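Encoded as structure tokens, the structure appears first; notes follow it.
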Amino acid sequence: MIRLPRGTQDILPGESEKWQYVEATFIDICRRFNYQEIRTPIFEHTELFQRGVGDTTDIVQKEMYTFEDRGNRSLTLRPEGTASVVRAFVQNKLYGLANQPQKLFYNGPMFRYERPQQGRMRQFVQLGVEALGSKDPAIDAEVITLAMTFYQSLGLHSLKLVINSLGDKESRENHRQALVNHFSPYREELCSDCQTRLDQNPLRVLDCKKDRDHKAMKEAPKILDYLTDEAREYFDQVKQYLDASGIRYEVDSNLVRGLDYYNHTAFEIMSAAEGFGAITTLSGGGRYNGLVEDLDGPETPGIGFALSVERLLMALENEGITLPVNEGLDVYVVSLGESSKVPAYALTQRLRKSGLSVDKDYLDRKMKAQFKDADRNQAKFVVVLGEEEVKQQQATVKDMATGEQEMVAFDTLVDYIQSK
RNA sequence: GCGGUCGUGGUGAAGUGGUUAACACAUCGGAUUGUGGUUCCGACAUACGUGGGUUCGAUCCCCACCGGUCGCCCCA
């Protein structure tokens, strides 16, 4: 038997309805916030992610699904959504459209080559938004608010929003230098990853779990202390907007996102519920001024976030929230004897045409078994067709909840059922 | 990439170095010649992840591999 590839999953009936519900809710929230859908390819030129996500990131260094096609092009299954959206923004000159900022959302599978565990798959689905063309701190707050509103509308309440500012270019450069100066004396005591990070991207040393308790970590220079006046003012305004709309958050100066393109606002939303798995991050995002230029577009600020549907469903499960998705069948048509088979089939189609959800037996089962099947499908009504009914052009309609039944003419059947 | 743990029918789950591998659920049929969710009876699948090894003989012991699962690193 051929099994599915490691780290992928089949989403079967019973589960797929939840996905549909979550996606429909997301689309509705995006509509309310006036974000429009963009669909980009699930593979891109490898270079897009190398330049967009950053060569020093774990994603690019060890997690990409990269392959060569028959024309010797190096392609990569997208590990995240932002690079593709920005590429499409530049390529399609969306910066030239009248409606700015461009507020976009996406929904689709992402791919990272990692060892699967709870909440981490090789193919996983992200819902995300990107707002391109505005450097108003209000839109940072809007993106964060959109994410929180979405989670809350599904009923999640054990959430923790963590925000930080990574500052602008000047802030980051000053901080970077301070980090190098601070950690260099301890270089030999740090883990091998951190020694590399110290050279390539010292900010990420702060993110290390191994060296978390090293004495140099506690006294490490905080980015918030190195913000330029401008960057500080920006961060203060973002917080002010969040406060104004009643969004509660926590500032964590060690929050460092794993992608190179972030600056200014960075945030993560985590599940704070007891008994959640080892991975608690439900979504993350931030501002990425400069990325559009890096990908050969005009100077354009941007901010966005992405969330994992898999982790969202885990969080719902963990909080005991069931989505309203279990709708039974309206009608199940039971037929008796050879002569009523064709009329039963015709009647089924007729009922479906009216908008009702209708099914019948296709395994030539006895009546008793057909009723069982109707139960399995949670049918509200069973319509019985035997020789007598066909002759009289009437059907026996049984209300499965009350057990009551009566004869109804074919022509008034739809009205009868809809009025109940 | 590293580590823990697990791998028996459609599902859940016992069990043993040796001629028929429990049980339960599900499914189908009957009791009830045209009526479900209860009950009783019956039927059912040639189920021990793959490949080696030890042995007279392995589903059981050993090894490797594959896969699931959880964790580390990191992230959504």
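From a predicted model like this one, the values you see are computed outputs, not experimental measurements. Chain identifiers are assigned alphabetically (A, B, ...) following the order of the sequence lines, protein sequences preceding nucleic acid strands; residue numbering begins at 1 within each chain.
A side-chain donor-acceptor contact under 3.5 Å links A/Ser340 to the backbone of A/Leu385.
With pairs defined as Watson-Crick or G-U wobble and both atom distances under 3.5 Å, the stems of at least three pairs that touch RNA chain B come out as B:1-7 with B:66-72, B:10-12 with B:23-25, B:27-31 with B:39-43, B:49-53 with B:61-65.
Using a 4.0 Å cut-off on heavy atoms, the residues of residues 378-390 of chain A that approach RNA chain B are A/Val384, A/Glu388, A/Glu389, listed by number.
Remark: P of B/rC74 and CG of A/Asp58 are 7 Å apart, rounded to the nearest angstrom. If you take CG of A/Asn107 and C1' of B/rA76, they are 13 Å apart, rounded to a whole angstrom. Between A/Lys62 atom NZ and B/rC75 atom P the separation is 9 Å, expressed in whole Å. For the pair A/Leu312 CG and B/rA76 C1', the computed distance is 11 Å after rounding to whole Å. Across the protein-nucleic acid pair, A/Gln9 atom CD and B/rG67 atom P stand 17 Å apart, rounded to whole Å. A/Tyr65 has its OH atom 19 Å from the P atom of B/rC75, to the nearest Å. When rounded to the nearest whole Å, the span between CE of A/Met64 and C1' of B/rA76 equals 17 Å. A/Met314 has its CE atom 12 Å from the C1' atom of B/rC70, to the nearest Å.
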Under-3.5 Å N/O pairs linking protein and nucleotides 25-29 of chain B:
from: B/rU27; atom 1: OP1; to: A/Arg376; atom 2: NH1; distance (Å): 2.6
from: B/rC28; atom 1: OP1; to: A/Arg365; atom 2: NH1; distance (Å): 3.1

Between protein and nucleic acid, restricted to nucleotides 39-43 of chain B and to nitrogen or oxygen atoms under 3.5 Å apart, what atom pairs and distances do you find?
none

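With sequence neighbours left out, A/Phe89 forms a ring pair (Phe, Tyr, Trp, His ring centres under 6.0 Å) with A/Tyr95.
Residues A/Asn164 and A/Ser253 bring no donor and acceptor atom of their side chains to less than 3.5 Å of each other.
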Starting at the 5' end of nucleotides 1-9 of chain B, put B wherever the base has a protein heavy atom under 4.0 Å, S where only the sugar-phosphate does, and a dash everywhere else.
BBB------
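Between the base of B/rU69 and the side chain of A/Gln117 there is no donor-acceptor pair shorter than 3.5 Å.
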